[in-house]
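Predicted, not measured: the structure shown is a model, and the values here were computed from it. Below, chains carry the letters A, B, ... as their sequence lines are ordered, and counting in each starts from 1.
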Number of protein chains: 4
Amino acid sequence: MNQTAESSNTIDEILEAAAVVFSEKGFDGARVDELARAAGVNKATLYYQIGDKEALYHAVLTRVIKRTANDIEQALETVSDCELRIRAFVEIFARNTGNVRYAAPIMLREVASGGRNLPESAVQEMGRVLGALTDTLQQGIEQGLFRPVNAFMVHMMIVGSLTLYSANEPIRHRNAKHNPEIHDPSHFITTEEAGREVGNLILAAIKAQPQETQS
Amino acid sequence: MNQTAESSNTIDEILEAAAVVFSEKGFDGARVDELARAAGVNKATLYYQIGDKEALYHAVLTRVIKRTANDIEQALETVSDCELRIRAFVEIFARNTGNVRYAAPIMLREVASGGRNLPESAVQEMGRVLGALTDTLQQGIEQGLFRPVNAFMVHMMIVGSLTLYSANEPIRHRNAKHNPEIHDPSHFITTEEAGREVGNLILAAIKAQPQETQS
Amino acid sequence: MNQTAESSNTIDEILEAAAVVFSEKGFDGARVDELARAAGVNKATLYYQIGDKEALYHAVLTRVIKRTANDIEQALETVSDCELRIRAFVEIFARNTGNVRYAAPIMLREVASGGRNLPESAVQEMGRVLGALTDTLQQGIEQGLFRPVNAFMVHMMIVGSLTLYSANEPIRHRNAKHNPEIHDPSHFITTEEAGREVGNLILAAIKAQPQETQS
Amino acid sequence: MNQTAESSNTIDEILEAAAVVFSEKGFDGARVDELARAAGVNKATLYYQIGDKEALYHAVLTRVIKRTANDIEQALETVSDCELRIRAFVEIFARNTGNVRYAAPIMLREVASGGRNLPESAVQEMGRVLGALTDTLQQGIEQGLFRPVNAFMVHMMIVGSLTLYSANEPIRHRNAKHNPEIHDPSHFITTEEAGREVGNLILAAIKAQPQETQS
DNA sequence: TATGAATGAGTGTTCATTCAT
DNA sequence: GATGAATGAACACTCATTCAT
């Protein structure tokens with residue numbers, strides 16, 4: 001009966017498993033055998049259901065990006081205050097990046113490769129995310145709440161710091177293991193906590209100084 | 001006679017060429033044939049001179065990181081003012097990332113892979129970079145110049161934003177070509193200019209508000 | 001009700017479609033998917049109805065050979081004059097080869113493969129065809145109408161020339177397209193017309209010279 | 001020293017071995033592993049020296065055709081009498097087909113496939129063979145030695161009969177083994193002897209009747 | 001009877017590495 | 001020291017066949 005639900009579930013499981021493998025090994029490092037094994041299906045089934053390695057990667061990539069874009073857009077829908085919108089943006093992005101373990105590595109590799117495998121649709125999706133932030137910043141500037149800042153650079157700071165922090169995790173832990181004497185707890189907050197830090201820093205950076213009126 | 005100089009020169013040329021290829025294709029995507037061709041040497045010569053693919057990659061990676069660490073340490077040597085030190089840090093990092101085209105993609109991929117190929121020596125090198133920033137921030141905080149901030153997160157914001165911005169370039173240009181109607185010049189500043197923006201934003205974020213007359 | 005008629009019809013359609021595919025691609029070049037698609041049935045249905053690829057090929061091959069053998073035997077039944085029998089033989093063979101497009105390629109490939117897939121029954125069938133010609137020639141020789149010739153070689157000449165000519169068609173047309181300046185209309189007669197030419201040549205070759213008695 | 005001679009020898013050995021395998025199995029039936037094993041080289045070496053399966057097949061095909069064309073042209077160079085030229089043509093073709101075991105199956109399969117893999121150069125080569133015969137026939141007709149015949153059909157008869165006879169061999173032997181009671185020695189002459197038979201038959205078919213005292 | 005889905009066993013091709021010179 | 005040639009071990013992908021429904 002629920003053939004559709006069932007099979008889209010199968011495909012979804014394949015994509016979920018593939019996302020993990022691709023995030024760990026990258027496109028070229030991932031083996032199709034491994035992708036199939038991780039998904040618990042026969043290699044030929046993978047080809048039958050989705051197509052070749054590239055098609056699988058495209059599907060994974062699009063899915064990751066679309067999910068983040070959707071979450072952010074949805075979260076911002078009900079918030080109108082500019083500062084809260086910024087906080088919401090950073091919070092959702094951080095939560096997504098923290099929870100969906102594979103998102104950050106996949107995105108970093110994709111950027112590193114010059115977006116070689118980035119389908120146009122995915123770029124559009126990313127544009128939605130950027131647009132949400134840019135619009136909010138613009139609005140805040142017009143309302144005199146924010147200083148005039150380069151919105152794109154603010155975007156880079158939020159996305160770059162949180163993606164890097166999240167993907168960094170294995171290196172940080174390895175480092176802590178090798179150099180336990182210099183263990184710094186601030187290196188081991190969750191990505192969500194990191195999001196709050198970043199949110200605070202970004203707002204401190206962009207908020208107009210109220211004291212300007214103090215004479 | 002100057003055999004040594006000559007061959008170290010050759011080795012340097014090989015590493016430089018290999019860095020470009022690795023940055024474009026990643027470790028798994030790069031082909032040894034291609035690496036040899038790019039370096040203008042026979043494949044077997046490459047093995048004779050440097051060793052296998054992994055050894056070549058390690059050499060490239062260490063070289064990239066060491067160069068950045070050296071440049072930053074050197075630049076900070078003569079600066080003592082905390083704010084100027086922050087500016088110098090960001091500026092040097094941005095200049096390096098902007099000029100050495102292959103640095104950002106290589107670092108992003110390395111982080112994405114969980115530092116799988118990061119030799120301990122390289123991690124130490126990165127620690128030096130982080131240490132330089134952390135110390136400066138700590139000092140500024142103690143001097144009442146900076147608010148108490150999470151130094152590691154500030155580091156992530158600087159490094160993340162600039163690395164991402166630099167590596168982003170091909171995607172930004174592709175996007176501009178496909179959607180010329182929404183061309184935004186702020187997406188196309190140089191990495192050095194981006195560094196200044198980031199420097200300003202970071203300082204705005206961390207500087208203590210002098211007028212807050214804490215009584 | 002007419003289940004049998006219907007399914008034998010279906011099987012016949014499958015065999016007809018498969019013959020075309022096999023003639024174009026050969027046994028190893030044909031894909032079961034393609035054979036099923038060409039027949040308009042599901043792949044699993046094909047297995048259910050006929051069996052595996054080899055069984056399908058056997059069925060196709062036997063059918064092709066049997067048809068030719070039947071046609072020739074039937075045509076010769078009512079002809080007793082030796083010369084006319086030779087003409088009938090060539091004519092029927094040419095007509096069959098010309099009309100049943102897939103016959104020639106299938107036979108050529110089968111011969112080329114050393115008859116690897118030729119079932120004994122099919123060989124017997126071919127023996128009937130050869131026998132019909134051989135008997136006629138023998139009879140003609142005994143009647144002083146034909147010179148004593150190697151019957152098998154005459155058979156090769158008839159079958160070889162017409163099969164080759166028919167299967168040749170795509171090459172001839174391609175050649176004509178690439179070298180239109182040397183277009184020779186004698187390369188583009190129908191296989192039936194070719195049969196008449198071959199019939200004339202063969203008879204000229206084997207007929208006893210009546211003038212031997214002149215002197 | 002004789003690097004060239006040596007390596008062209010290696011390639012030649014590969015081509016010779018591949019010709020045998022392709023003639024037995026056809027393009028699709030031949031396995032690259034098998035081709036390499038037959039040539040006594042590693043599979044990767046085969047790719048290094050020649051290229052992929054298709055390139056190998058092209059090389060084999062061109063070589064086979066060129067050899068026959070060369071032999072025939074060379075043999076006809078010194079013969080001017082029309083009848084002798086016809087005999088020479090048939091004899092050389094038969095000898096080639098008989099000695100070079102793989103030639104006939106390869107050609108039959110190629111024709112069967114519609115010349116799908118026949119490079120233009122090979123078609124030209126075949127044109128030379130056909131041209132040699134056609135010119136001789138035309139000349140003989142003009143000299144009143146031959147009846148006006150369809151030269152292309154004569155060509156088909158010669159080439160078709162001998163190719164078929166040669167490729168037929170396994171089937172004939174198998175048949176003889178299964179039906180020893182009807183063993184006919186005329187089925188087991190050499191291809192060269194078959195060539196003489198065909199030569200006689202063809203000449204008998206095309207020679208003008210001298211006694212027809214055309215007044 | 002019919003079929004979408006699944007799969008074990010290949011299949012052509014590539015690759016990092018080594019060797020002979 | 002340098003290089004054309006060689007190769008074992010993968011690798012992405014396909015195919016004939018079967019299975020569950």
Side-chain angles (χ1 to χ4, degrees), chain A residues 1 3-4 6-7 10-11 14 27-37 39-57, chain B residues 3 6-7 10-11 27-36 40-57, chain C residues 3 6-7 10 27-36 40-57, chain D residues 1 3-4 6-7 10-11 14 27-36 39-57:
Chain A
M1 277 298 131
Q3 194 86 336
T4 336
E6 209 184 314
S7 53
T10 299
I11 286 184
I14 291 177
F27 179 81
D28 292 305
R31 302 291 154 227
V32 175
D33 281 277
E34 194 181 3
L35 291 161
R37 201 177 334 115
V41 301
N42 182 283
K43 198 174 22 164
T45 302
L46 196 155
Y47 278 85
Y48 179 78
Q49 291 284 2
I50 296 188
D52 67 10
K53 195 185 179 185
E54 203 176 329
L56 176 57
Y57 182 73
Chain B
Q3 196 85 336
E6 207 185 315
S7 45
T10 300
I11 287 185
F27 179 81
D28 291 304
R31 304 289 160 230
V32 175
D33 280 274
E34 194 182 2
L35 292 161
V41 303
N42 183 282
K43 197 168 33 157
T45 303
L46 194 155
Y47 274 84
Y48 181 81
Q49 292 280 7
I50 297 189
D52 68 11
K53 193 184 178 186
E54 203 174 333
L56 176 57
Y57 182 73
Chain C
Q3 197 84 337
E6 208 184 314
S7 40
T10 299
F27 179 81
D28 291 304
R31 304 291 158 229
V32 175
D33 280 274
E34 194 183 3
L35 291 161
V41 302
N42 182 282
K43 196 168 33 159
T45 304
L46 195 155
Y47 274 85
Y48 182 81
Q49 291 279 6
I50 297 189
D52 68 9
K53 194 184 177 184
E54 204 175 331
L56 176 57
Y57 182 73
Chain D
M1 276 303 130
Q3 194 84 339
T4 338
E6 211 185 311
S7 53
T10 299
I11 288 184
I14 292 177
F27 180 81
D28 291 303
R31 301 295 152 226
V32 175
D33 281 276
E34 193 182 3
L35 291 161
V41 301
N42 183 284
K43 197 169 28 158
T45 301
L46 196 154
Y47 277 85
Y48 179 78
Q49 291 283 4
I50 297 189
D52 68 9
K53 194 185 178 184
E54 203 175 328
L56 176 57
Y57 182 73

- Query: Looking at residues at least two apart in the chain, or sitting in another chain, which of them share a salt bridge (Lys or Arg N to Asp or Glu O under 4.0 Å) with A/Lys43?
  - Reply: A/Asp33

- Message: Going by the rule side chain to side chain contact (heavy atoms under 4.5 Å, CB included), which residues pair with B/Asn42 if we only count those two or more places apart in sequence or in a different chain?
- Response: B/Ala44, B/Thr45

Return the value, rounded to whole Å, for the distance between atom [atom1] of [X] and atom [atom2] of [N].
X	N	atom1	atom2	value
A/Leu46	F/dT14	CG	C1'	14 Å
A/Arg37	F/dC11	CZ	P	11 Å
C/Ile50	E/dA2	CD1	P	12 Å

- Note on the structure: Reading nucleotides 14-21 of chain E from 5' to 3' and marking B where a protein heavy atom lies under 4.0 Å of the base, S where only the sugar-phosphate is that close, and - otherwise, the string is BBSBBB--

Testing the basics here: between [X] and [Y], what is the closest heavy-atom pair and its distance to 0.1 Å?
X	Y	result
B/Val32	B/Tyr47	CG1-CE1, 3.8 Å
C/Leu46	C/Leu56	CD2-CD2, 4.0 Å
A/Leu35	A/Lys53	CD1-CG, 4.5 Å
A/Ile50	A/Ile11	CD1-CG2, 4.4 Å

- Would you say B/Tyr48 reaches F/dG1's phosphate, i.e. side-chain N/O to OP1/OP2 under 4.0 Å? yes

- Item | D/Gln49 side-chain N/O to F/dA6 phosphate OP1/OP2 under 4.0 Å | yes

- Partners passing ring-ring contact (aromatic ring centres under 6.0 Å, His included) against C/Tyr57 (at least two apart in sequence or in another chain): C/Phe22, C/Phe27

- Message: Let's test your reading of the pairing rules: Watson-Crick or G-U wobble, both distances under 3.5 Å, then write DNA chain F as a dot-bracket string with ( ), [ ], | and dots.
- Response: .||||||||||||||||||||

- Note on the structure: Among the nucleotides E/dT1, E/dT3, E/dA6, whichever has the atom closest to the side chain of C/Thr45 is E/dT3

